[in-house]
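Everything below concerns the one structure shown next.
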Amino acid sequence: WFIDEIGFEEPPRQIEFARLNLNYCVTSKRKCLDLVESGTVSGWDDPRMVTLCGMRRRGYPPEAVRDFIDRIGVSKADSVVDYGLLEACVRDNLNANAPRAMAVLRPLKVVIDNYPEGQTETLDVEVHPDHPEMGTRKVTFGREIFVEREDFMIEPVKKYFRLFPGNEVRLKSAYFVKCTGYDLDENGEVACLHCTYDPASKGGNSPDGRKVKGTLHWVSKDDCVKAEVRLYDRLFKTEKPEDLKEDLNPDSLTVLEDCLIEGGIKGTKPGDVFQFMRQGYFCVDKDSTDDKLVINRTVDLKSSWGK
């Protein structure tokens with residue numbers, strides 16, 4: 001009214017938009033500062049923070065963030081956006097663009113008893129199954145490999161198609177292998193698997209046409225890189241956090257030591273992203289050094305939140 005009364009021919013306008021609120025997050029600068037100063041997070045660029053530097057460190061592509069903003073639009077009314085939509089935008093972008101690799105986060109040793117001792121061979125594996133123009137990468141195969149610990153059960157449950165005594169599976173781009181036995185350590189835990197391989201099944205197909213239902217990722221003992229992998233999840237366990245201490249998600253960060261990644265990842269630099277087969281999308285962290293590789297999980301392949 002005042003501006004109208006004093007006679008502006010084209011009075012200035014003020015347009016206000018609502019804050020972008022995400023569930024399971026805090027976007028208030030005051031609350032974010034409390035998290036940083038209290039040591040709850042490692043800093044403003046902690047990958048669990050929804051700051052730009054935090055999302056960049058976690059491996060969120062800028063294109064995915066812009067896609068997310070385009071999808072939700074701009075509103076004048078207060079609302080809360082599902083964090084899962086942001087993850088879906090990141091997943092879609094990385095699925096189309098991230099090169100593939102194999103990583104074993106919880107390694108279990110496998111000895112292929114009928115494979116010649118001291119022999120290795122190089123296999124060609126596609127960099128991206130949907131983009132043949134990206135070429136192939138070299139992966140070493142040998143007598144001793146590692147698979148994921150959860151890919152073996154002594155007594156399998158129903159519809160378990162991975163390794164168990166007597167079962168045959170396919171190793172990605174390599175051979176069919178059949179589990180013939182296992183060794184236990186002094187604590188009664190499985191320490192090593194024994195398998196045999198079918199030399200005629202190189203590439204993952206058998207000449208006799210027999211089928212296997214399980215395909216496993218693996219890494220070779222002769223060509224792998226040890227890494228620390230940080231598995232990030234949502235910082236809070238409640239949709240609308242009120243108490244920054246009580247509502248914290250205790251599983252927002254899990255650190256795995258002694259993970260093994262295929263040797264081709266040597267020479268990567270902070271910010272490089274990959275899809276680790278069956279594991280999710282990952283990014284090389286700035287804490288990496290020449291002696292220690294540190295990897296952040298950007299997002300899993302499929303949302304498991306709430307399961």
Side-chain angles (χ1 to χ4, degrees), residues 101-121 123 125 139-199 201-202 204 206 210-231 233 251 253-263 265 275-280 282 292-293 295 297 300-302 304 307:
M102 291 190 288
V104 176
L105 304 187
R106 298 172 178 87
L108 176 60
K109 182 179 178 180
V110 177
V111 177
I112 303 174
D113 294 317
N114 64 334
Y115 194 88
E117 289 192 44
Q119 176 179 310
T120 61
E121 59 183 298
L123 305 175
V125 184
V139 177
T140 301
F141 185 82
R143 178 183 170 89
E144 295 186 14
I145 63 172
F146 293 91
V147 299
E148 205 67 49
R149 186 164 289 275
E150 66 180 23
D151 285 340
F152 174 76
M153 293 184 73
I154 297 175
E155 297 181 2
V157 295
K158 189 177 181 180
K159 294 186 177 179
Y160 185 82
F161 302 124
R162 305 174 196 176
L163 282 170
F164 55 86
N167 192 46
E168 188 174 48
V169 300
R170 176 190 295 106
L171 297 178
K172 169 66 177 174
S173 300
Y175 297 96
F176 286 5
V177 296
K178 178 181 288 188
C179 180
T180 57
Y182 56 90
D183 298 330
L184 301 178
D185 60 19
E186 62 275 9
N187 299 318
E189 299 290 333
V190 178
C192 177
L193 302 183
H194 290 275
C195 295
T196 58
Y197 86 116
D198 179 2
S201 63
K202 185 173 182 178
S206 178
R210 72 182 187 277
K211 304 293 184 183
V212 295
K213 292 186 177 180
T215 299
L216 307 184
H217 62 281
W218 54 277
V219 296
S220 171
K221 178 185 176 182
D222 299 297
D223 187 21
C224 62
V225 178
K226 188 178 290 188
E228 174 187 301
V229 175
R230 299 170 181 174
L231 305 179
D233 211 328
D251 300 319
L253 172 59
T254 302
V255 179
L256 301 178
E257 302 282 355
D258 300 327
C259 302
L260 300 175
I261 306 174
E262 65 177 67
I265 204 170
Q275 184 201 98
F276 291 158
M277 181 180 173
R278 299 172 61 220
Q279 302 282 13
F282 293 77
K292 184 177 182 180
L293 183 63
I295 305 283
R297 182 173 68 185
D300 50 12
L301 289 177
K302 195 174 186 181
S304 59
K307 287 187 179 179

Exercise. Looking only at heavy atoms, what is the nearest atom pair of D233 and D251, with distance?
Worked result: CB-O, 3.7 Å
For this session: Show the numbers, then the answer: is there a side-chain contact (heavy atoms from CB on, under 4.5 Å) between S206 and D198?
Result: CA-CA 8 Å; S206 178; D198 179 2; 4.0 Å; yes
Problem set entry | R278 and E148 ion-paired at < 4.0 Å | no
Problem set entry | Rounded distance (nearest 0.5 Å) linking atom CG of L231 with atom OG1 of T254 | 5.5 Å
For this session: Kindly say whether C179 contributes a backbone atom to a donor-acceptor pair with the side chain of N167 at under 3.5 angstrom?
Result: no
Exercise. Ignoring hydrogens and geometry, is there a side-chain-to-backbone donor-acceptor pair from D185 to N187 under 3.5 Å?
Worked result: yes
Exercise. Yes or no on salt bridge (Lys or Arg N to Asp or Glu O under 4.0 Å) for K109 and E144, after CA distance, side-chain angles and deciding distance?
Worked result: CA-CA 7 Å; K109 182 179 178 180; E144 295 186 14; 3.5 Å; yes
Exercise. What closest approach, in Å, do V110 and C195 show between heavy atoms, and which atom pair accounts for it?
Worked result: CG1-SG, 3.8 Å
For this session: May I ask you to decide if the ring planes of F141 and Y197 are parallel, tilted or perpendicular, using 30° and 60° as cut-offs?
Result: tilted
Problem set entry | H217 side-chain N/O to A103 backbone N/O, donor-acceptor pair under 3.5 Å | yes
For this session: Search all heavy atoms of V104 against all heavy atoms of V147 and return the closest pair with its distance.
Result: CG1-O, 3.3 Å
Exercise. Taking Y160 for the side chain and F152 for the main chain, is one N or O donor matched with an acceptor at less than 3.5 Å?
Worked result: yes
Exercise. With a 4.5 Å limit on heavy-atom distance, are the side chains of V219 and I145 in contact?
Worked result: no
Exercise. Does E257 reach the main-chain N or O of E228 with its side chain, forming a donor-acceptor pair under 3.5 Å?
Worked result: no
Problem set entry | Presence of salt bridge, R106 and D151, under 4.0 angstrom | no
Seminar exercise, completed: Between K172 and W218, the two heavy atoms sitting closest are O-NE1, 3.0 Å
Exercise. For G142, does its backbone N or O pair with a side-chain atom of T120 as donor and acceptor, under 3.5 Å?
Worked result: no
Exercise. Any side-chain heavy atom of D113 sitting closer than 4.5 Å to one from T180?
Worked result: yes
Exercise. Does any N or O in the side chain of R143 come within less than 3.5 Å of the main-chain N or O of G118, such that one atom is a donor and the other an acceptor?
Worked result: no
Exercise. Using 4.0 Å as the upper bound for N to carboxylate O, is an ion pair formed by E168 and R210?
Worked result: yes
